[in-house]
Amino acid sequence: MLLGVVLTDLSIYLGWVEILSNLCGLWLGLSTIGYICTGLGVRSRALIFTGILHLLLIFLLPYIAPWQFLITGAFMAFCLLMLAEFQWDGL
């Protein structure tokens with residue numbers, strides 16, 4: 001996550017267009033890794049499923065290119081809200 005923050009900050013300050021145009025994929029990928037690793041660690045199907053959903057959204061980004069920042073932010077917020085409101089299950 002720290003690498004993601006550093007890359008995001010540097011790409012904004014230095015104008016790295018290649019990274020700026022792929023920020024949604026970068027953050028969805030980092031979230032995927034975090035959710036799946038945490039889900040395996042605490043044995044939660046809900047977290048693993050959320051990680052898989054994040055991974056699937058990465059593949060949809062080219063089809064929603066003009067709206068990718070809005071949809072990525074809304075999707076991540078929705079997942080966090082659902083994880084906050086509902087009980088995580090254990091395997």
Side-chain angles (χ1 to χ4, degrees):
M1 288 304 226
L2 184 60
L3 178 65
V5 171
V6 170
L7 277 175
T8 301
D9 289 346
L10 287 176
S11 67
I12 291 169
Y13 293 131
L14 301 176
W16 293 342
V17 178
E18 186 65 33
I19 294 176
L20 283 173
S21 62
N22 293 309
L23 278 180
C24 293
L26 171 70
W27 281 100
L28 285 170
L30 289 172
S31 296
T32 297
I33 292 168
Y35 280 128
I36 290 177
C37 289
T38 304
L40 292 173
V42 298
R43 302 185 60 172
S44 171
R45 289 177 284 188
L47 288 173
I48 294 170
F49 180 69
T50 303
I52 292 169
L53 288 178
H54 277 71
L55 183 64
L56 292 175
L57 185 59
I58 293 172
F59 295 110
L60 294 176
L61 287 177
Y63 302 107
I64 56 170
W67 297 91
Q68 68 179 345
F69 288 101
L70 177 66
I71 292 175
T72 298
F75 180 75
M76 292 176 86
F78 175 75
C79 286
L80 289 172
L81 179 66
M82 291 297 106
L83 289 171
E85 291 296 322
F86 296 110
Q87 182 177 3
W88 302 352
D89 60 337
L91 294 175

J.: Could you measure the distance from the CD1 atom of I58 to the CG atom of L53? Nearest 0.5 Å is fine.
T.: 11.5 Å
J.: What are the two closest heavy atoms between I36 and G51, and how far apart are they?
T.: CG1-CA, 4.0 Å
J.: Y35 and side chain to side chain contact (heavy atoms under 4.5 Å, CB included): which partner among I52, L40, L83?
T.: L83
J.: Quick test of your reading: applying side-chain hydrogen bond (donor to acceptor under 3.5 Å, both in side chains), list the pairs with at least one residue in residues 59-73, sequence neighbours left out, ordered by first then second residue.
T.: none
J.: Under 3.5 Å, sequence neighbours excluded: what are the donor-acceptor pairs made by side chains of residues 19-31?
T.:
from	atom 1	to	atom 2	distance (Å)
S21	OG	V17	O	3.1
S21	OG	E18	O	3.1
N22	ND2	E18	O	2.9
N22	ND2	E18	OE2	3.4
W27	NE1	T8	OG1	2.9
S31	OG	W27	O	2.9

J.: Report yes or no: do F69 and L57 belong to one cluster of Ile/Leu/Val/Met/Phe/Trp/Tyr joined by side chain heavy-atom distances under 4.5 Å?
T.: no
J.: Is Y13 isolated, or which residues cluster with it under the ILVMFWY side-chain rule of less than 4.5 Å, directly or via members?
T.: none
J.: Could I get the full list of side chain to side chain contact (heavy atoms under 4.5 Å, CB included) partners for C79, not counting sequence neighbours?
T.: T50, H54, F75
J.: Show which residues join I33 in its hydrophobic cluster (side-chain heavy-atom contacts under 4.5 Å, direct or indirect), or state none.
T.: none
J.: Which residues, ordered by chain and number, are linked to F86 in its hydrophobic cluster, where ILVMFWY side chains connect at heavy-atom gaps below 4.5 Å, directly or through other members?
T.: F78, L81, M82
J.: Rounded to the nearest 0.5 Å, what's the gap from CG on L56 to CG on L61? Could you check?
T.: 11.0 Å
J.: Can you name the closest pair of heavy atoms from W16 and L10 and give their distance?
T.: CZ3-CB, 3.6 Å
